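Keep in mind that the numbers below use all heavy atoms, side chains included, and drop hydrogens, waters and symmetry copies. This one's a predicted model, so the numbers in the text were calculated from it and none came from an experiment. We count residues from 1, following the sequence as given.
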Amino acid sequence: RIEVLVDGSFGTLAATLERWRSRIKAALPDISRRRRFYESLVRGDVARSVRDGREADAERSLERLLAVRDQPFAGSVTLVGAGPGDPGLLTLNALRALQQADVILHDRLVSEEVLALARRDATRICVGKEAGGHSTSQQRIHEIMLEHAHLGRHVVRLKGGDPFIFGRGGEELEFLVAHGIAFDVVPGITAAVACGAYAGVPLTHRDHAQSVRFVTAHCGESLDTVDWAALALERQTLALYMGVSAMRTIVLLGKRSFASS
């Protein structure tokens with residue numbers, strides 16, 4: 001269980017911090033502030049450098065952070081893919097991120113079973129969107145991430161599926177970069193991959209499908225701008241996301257394009 005929650009670089013990181021222990025203790029005599037400092041090291045640039053095998057960079061980052069120890073600890077954000085709902089399909093890195101989170105901003109479709117794996121004392125905020133129901137605007141999600149990061153907290157933005165497959169992860173990443181917030185990304189298993197696997201349908205097959213296309217049908221009034229003729233070509237798998245409300249239109253456009261091709 002410990003091996004699941006702690007990645008393989010933790011031993012090297014612990015050895016690095018042990019060498020610095022006396023200096024850190026002398027610089028930060030207050031134990032609560034020292035605890036926050038260690039937390040920032042374990043999930044910040046120092047840990048990332050050790051994980052990447054750049055121990056010299058880790059030492060330099062540690063020295064720099066200790067020199068500015070009186071400044072507020074910087075927060076960070078991790079964009080995490082929660083997968084299609086089955087907690088067994090959560091990646092180890094996603095599980096570790098959930099265990100380290102101070103704040104979790106989660107989508108409506110993230111299952112309770114996945115949320116149950118998170119750190120017990122983490123603050124959970126539902127920022128889900130629901131067609132025709134209550135929704136948290138994307139701008140408000142950005143604001144909440146920024147508020148908690150500025151308070152020095154580690155925020156996990158937990159998204160169903162994969163953050164970069166129709167999950168607006170790219171927009172959130174751009175926002176974090178623009179505001180100088182440290183981030184990392186943990187990919188997840190996207191719905192098309194999981195659905196295909198559970199149904200026994202390979203998305204690619206050398207005899208039948210040499211490519212796969214992911215397409216969103218959640219594009220307002222612009223469905224007719226999609227290149228349906230290209231999507232109707234043979235020997236490819238077409239995965240349509242968020243297509244329930246527009247199903248009738250999709251079928252009509254698809255039939256028309258397939259007939260013309």
Of all pairs that satisfy side chain to side chain donor-acceptor pair (under 3.5 Å), the ones with a partner from residues 192-209, not counting sequence neighbours:
Asp86-Tyr198
Going hydrophobic residue to hydrophobic residue with side-chain gaps under 4.5 angstrom, can you get from Ile181 over to Ile125?
yes
How would you list, by chain and number, every residue that makes a salt bridge (Lys or Arg N to Asp or Glu O under 4.0 Å) with Arg33, sequence neighbours excluded?
none
Gln100 and Glu39: side-chain donor and acceptor closer than 3.5 Å?
no
Salt-bridge contact Arg153-Glu147 (side-chain N to carboxylate O under 4.0 Å)
no
Please assess Leu105 against Met145 for the test side-chain contact (heavy atoms from CB on, under 4.5 Å), listing each intermediate value before the final yes or no.
CA-CA 8 Å; Leu105 309 184; Met145 286 195 299; 3.5 Å; yes
Donor-acceptor contacts under 3.5 Å from residues 182-192 side chains, at least two apart:
| unit_1 | atom_1 | unit_2 | atom_2 | d |
| --- | --- | --- | --- | --- |
| Asp184 | OD1 | Thr78 | OG1 | 2.6 |
| Thr190 | OG1 | Tyr241 | OH | 2.6 |

Arg23 side chain to Leu66 backbone, donor-acceptor under 3.5 Å
no
Side-chain donor-acceptor pair under 3.5 Å between Glu63 and Trp20, yes or no?
no
Does a side-chain N-to-carboxylate-O contact under 4.0 Å join Glu18 and Arg21?
no
With a 6.0 Å cut-off (strictly less than), is the heavy-atom count around CZ of Arg248, excluding the residue itself, greater than 12?
no
Please answer whether the main-chain N or O of His142 pairs with a side-chain N or O of Glu171 as donor and acceptor at a distance below 3.5 Å.
no
Presence of salt bridge, Arg157 and Asp107, under 4.0 angstrom:
yes
Note, Leu115 side chain near Leu158 side chain (heavy atom, < 4.5 Å)
yes
